[in-house]
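Here is the structure we will look at.
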Amino acid sequence: MASGAESDGEEGEELGIIRATLIRELRNVLDEYPDDGQILKEMIQNAEDAGASMMKFVSDTREFNRNVSPVDIRKNPHLKFLKGPALYAFNNAKFSERDWQGIRMIHTSIKEADPLKVGRFGLGFKSVFHLTDRLTIVSGNFLLYMDPFKGEDRCCILKKLSRIKRSEKECLLQGLSGIFGVDEEMFQSGHYPGTMFWFPLRHEANDLSSTVYSVDKINDLWQAFKTEASGIPLFLKKIETVGLYTRRQDKQLSLDFQVGLATSCLDSVRRENITFIEAIIAAGGQMPETKVWNSLIKEVEMLDDHDGQSVVQSEKWLVVNYHPGGSDLSPELSELCNDPQLSYKPYVGVAAPLEGQTNFQSQIFCFLPLPLESRSPTGLPVHVNGFFALSQNRRHVKWPTADQMSHQVHVEPSLRWNRLLVEQLLPACYSMLLTRLRELHVTRPLHFYTMWPDMSSVTEKWQPLVEPLFVTMATKPVYCTEGGQWVELANALLSTITDDISTDIKRTVHKAYLVCQENLIVLPQNVLEGLSLSGGLSTVALATPQRLSRLLQSCLSQFESQERCHLLAYLCDQKDLSLLQGLQLLPLQDCSFRAFTRQSSTTFFCQEQDLRLFPGLETHFCSCKLPHDLRHHLHDIAVSGNYSLRLMAEKDVSHLLMKSIQCRFEQREPIVPLDDQWLQDVWNFLLKNFSDSLEDFSLMPLMPFLQGNSFVLKPLIGNYVCKEVSGMDPLSDNLITCLTKLGITVLSHLPDDVIRHPQVLGQLVQWPSPQNILTLLSHISEGESMQSSTVLSFNQASTDEDRACLIKLLDDCRDFVLNINLRKLLQQLNLFSCLPDRTITNVACVSAIAPDHLPPVPVPRQMLLCQESRDRRVALQLGGRVESLQDISREILLKMQPDREEYSLEQKQQFMIFFMDELVNDKLLCQLARRV
């Protein structure tokens, strides 16, 4: 080289660029493009660009022409290409003249006038060399063999179908006969109305690739394709069906999988796509004057064969495609649209799942989905499509590097292009999709809002889409009120209820706004955050608790009891008691409601077990049939003293209890069953809270008096004695009868709940002893009217047995000191038989006591006949005095004098006989007797 330079003089030696071999360049392509399902998508994209409506792949598992000798290959070169196993790829579009050129390019591709074509037969198509060394193409009138091992100048052989040799034709038919229109007639006519690719699988490593491709690897491609198959038809304008087939040794062709548009939507989709494309083409390579967009409902059907059983899955999608008009472009985007180095069109699309999808994960599309990732690359709830600038291997959208972003260095046009699609075009398209979704989700607003972005999920590179989207949506009528109306934010009332409020309470609060004809909207967190970011919430009216309080003043009558409790709980949670003023939300025990005011009658708050003490006063008490949290709120209100609700205090109990008894029994005698729970509850309450004194309850009928199978309730304070107590003699029935007539109530049975109270036995109810009975009588004697009624009652109704019992009682207590009142009472009781006529009288009327030994004639005046010693002792105890026989005899003799003659002759004779026997020694009496 040095000598050559010297011979050329000072100008130097001219040298050319050393290029890699074709095989080396293809290896570089394969390094860029991974060996996966992208291979099939590249061929689908080329078919789409060609205008095909269907794409079919066939895995031919048969082995033929595989181990042909070099001698045979020299004789029949086509045998290198027409071998099996193989992959066939068919679409129903034909190669154009430019396609035959493009298929032979490596680092460039062709584009036709159609502005929506991604590019034909660029590097992506060359990734088929992952699986094959040579390929065959049949399309229209031609057949092409491509053998990269022969070098770039001789690698392709193009033949007319009409001139195919017989042996070559037989090989072609061996593989393709009966597949998608390939037959003998095709060769006779010299024309094939579609395109067929034949890729024989590599069966040994070589300089192009060390990867050996088997039928199993084709099955792996099948599986990879199935995982993202539902997205294949979403943004394509021409391809409607893609099928995967297998051809086995019996030459039978079986359908393994198929994805495509359902027949039900085909006509409308075709019509909309044609209109969309024609509107863009009509601009003649320039921007349309106005935006071009369409909205499609695509139903995608997938048929999958499982061991001979076909399983059909159907999914519905809403797809919106958008191409801006010239006036819609920013200056920067307009500049890039006219950049000849880019040749991109500002075309985007968005697809939202409607039904049938499972485990949906959003993807990025450049007409076809980019490879699946472990998580959504956008974090959006929808698929996004765009004429993006992609990485060399078409697997990723190109973004600025971290260094470019941090140092603000020059950003190449393709990166700016992608940013502007995200910031400007996709928000506009997304807003159209949401507007259309609103029409489809009239009755399902919650599902509709799930299609809005969630700021916390959207990935960093796609965040710029969110704010402009929400700015646009803030002015659209896409906010559903609780009444089912769709309104703009400016006409809405935004709910401020937080997620920690129960569903039932939320529902009732929302009903309140609905009843009051307010346009209440309830927005999920993702929508709220987006609107907040965009400033959309700055002017919207808020449904505050204060507003709710004002509205409820006039509409509470339309709410049931439970709903009123929900409203009360919500307002209490706000920690502002003024919100309750005037609202009829205070729940009472009778299920009615009272207004929260400071002037109304007191409503008491107490525990449920205490409330049982006051039957009939349900309107006086706050309800106990409430959730714990609400009861807690009401307790705090009662403590605060802000309203007429207050805690029941000890001083309130007696008043309320008396009122309850009056309400329950009205004017009737209070009678309760023996096992009455109310009575048990009352006495348990009194034991717990009033063990030291029952003074406040003295007039209440709380003392149980057994009458038959019931208790008659007597006033708590009375003249009570217990019939029997363990360790003491019981009162006899006769004495009980007697005491009853004296106004003493004998309690023959006291429930345990009553006896346990320390103020009962020995205090309110006396022990059954004579002394305690006298103590009761002493109490009775203290009231003049009581004393009179007791005397009258006893004197009118007492029997000999009653009198005998009382006399015995008094005799047993002869050591008991009788006070003046008690003595006076007892003196008025008719306890004694009276001489001379044996009538019953008392000491107050007759104080004289007849002597033990009486004359045989009537005594001259009334005297108490006390034949029993105890009678005499009691009479003496009550102030009686024993008359002597001499005094009585003197009075008799005086009445027998001639001038008086008050006794009969017979009586005189009887007395004189008695006199001679008993009194003859009394000189004074003898003088009187002589005059008789």
Side-chain angles (χ1 to χ4, degrees), residues 667-669 671 701 703 705-708 712-715 717-723 731-748 765-766 768 770 772-814 816 818-850 859 861-868 870-880:
Q667 301 300 319
R668 296 175 286 107
E669 184 178 35
I671 299 175
M703 188 64 72
F705 173 72
L706 183 64
Q707 189 175 79
V712 176
L713 300 183
K714 301 288 187 180
I717 301 298
N719 298 301
Y720 301 120
V721 64
C722 190
K723 177 182 178 181
L731 302 181
S732 66
D733 292 342
N734 288 337
L735 179 56
I736 291 173
T737 302
C738 171
L739 295 178
T740 301
K741 295 171 181 178
L742 288 170
I744 295 176
T745 302
V746 179
L747 303 177
S748 59
V765 179
Q766 296 298 325
N772 288 333
I773 293 173
L774 286 182
T775 299
L776 290 176
L777 288 174
S778 178
H779 293 160
I780 293 173
S781 69
E782 290 175 0
E784 190 170 334
S785 60
M786 174 80 68
Q787 187 177 117
S788 299
S789 61
T790 300
V791 170
L792 180 63
S793 171
F794 183 84
N795 290 344
Q796 287 181 344
S798 59
T799 64
D800 291 343
E801 290 80 4
D802 297 335
R803 292 186 285 274
C805 286
L806 182 54
I807 289 173
K808 181 180 183 304
L809 175 70
L810 294 173
D811 186 55
D812 291 340
C813 297
R814 51 183 174 271
F816 186 88
L818 303 179
N819 59 43
I820 296 174
N821 291 329
L822 178 57
R823 181 185 297 274
K824 182 179 178 181
L825 169 67
L826 295 175
Q827 286 176 342
Q828 297 178 67
L829 298 180
N830 292 341
L831 296 177
F832 305 99
S833 178
C834 180
L835 296 176
D837 51 5
R838 300 275 181 164
T839 59
I840 305 300
T841 190
N842 54 69
V843 173
C845 294
V846 179
S847 60
I849 303 172
V859 295
R861 53 186 169 84
Q862 288 186 321
M863 295 182 186
L864 301 181
L865 176 63
C866 298
Q867 295 178 323
E868 299 290 338
R870 73 169 49 152
D871 294 351
R872 185 177 298 275
R873 287 193 296 271
V874 170
L876 290 171
Q877 185 181 12
L878 297 180

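When all heavy atoms of Leu713 and Pro701 are compared, the closest pair comes out as CB-O, 3.2 Å. Among all heavy-atom pairs drawn from Cys813 and Leu774, the shortest one is CB-CD1, 3.3 Å. When all heavy atoms are compared, the tightest approach of Gly880 to Ile849 is C-CD1, 3.7 Å. Here the shortest heavy-atom pairing between Leu822 and Ser778 reads CD1-N, 3.8 Å. Between Thr790 and Leu742, the closest heavy-atom pair is CG2-O, 2.9 Å.
The side chain to side chain contact (heavy atoms under 4.5 Å, CB included) with Val843 is formed by just one residue from the set Leu876, Val874, Leu864; it is Leu864. The only option from Thr775, Leu731, Leu735, Val765 that meets the side chain to side chain contact (heavy atoms under 4.5 Å, CB included) definition with Val721 turns out to be Leu731.
Under the 4.5 Å side-chain criterion, counting only non-hydrogen atoms from C-beta, Val846 is not in contact with Phe832. Under the 4.5 Å side-chain criterion, counting only non-hydrogen atoms from C-beta, Leu831 is in contact with Leu878. Looking only at side-chain heavy atoms (C-beta outward), Leu825 and Val791 come within less than 4.5 Å of each other.
With sequence neighbours excluded, the residues forming a side chain to side chain donor-acceptor pair (under 3.5 Å) with Arg814 are Asp811, listed by chain and number. Checked against side chain to side chain contact (heavy atoms under 4.5 Å, CB included), Lys723 has the following partners two or more places apart in sequence or in another chain: Asp733, Ile736, Val746, Ser748. With sequence neighbours left out, Asn734 forms a side chain to side chain contact (heavy atoms under 4.5 Å, CB included) with Ser732, Glu801, Cys805. For Asp802, the side chain to side chain contact (heavy atoms under 4.5 Å, CB included) partners at least two apart in sequence or on another chain are Thr737, Cys738, Lys741, Phe794, Ser798, Thr799. Among residues two or more places apart in sequence or in another chain, the side chain to side chain contact (heavy atoms under 4.5 Å, CB included) test is passed with Gln796 by Leu792. Applying the side chain to side chain donor-acceptor pair (under 3.5 Å) rule to Gln828 yields the partners Gln787; only residues at least two apart in sequence or on another chain are considered.
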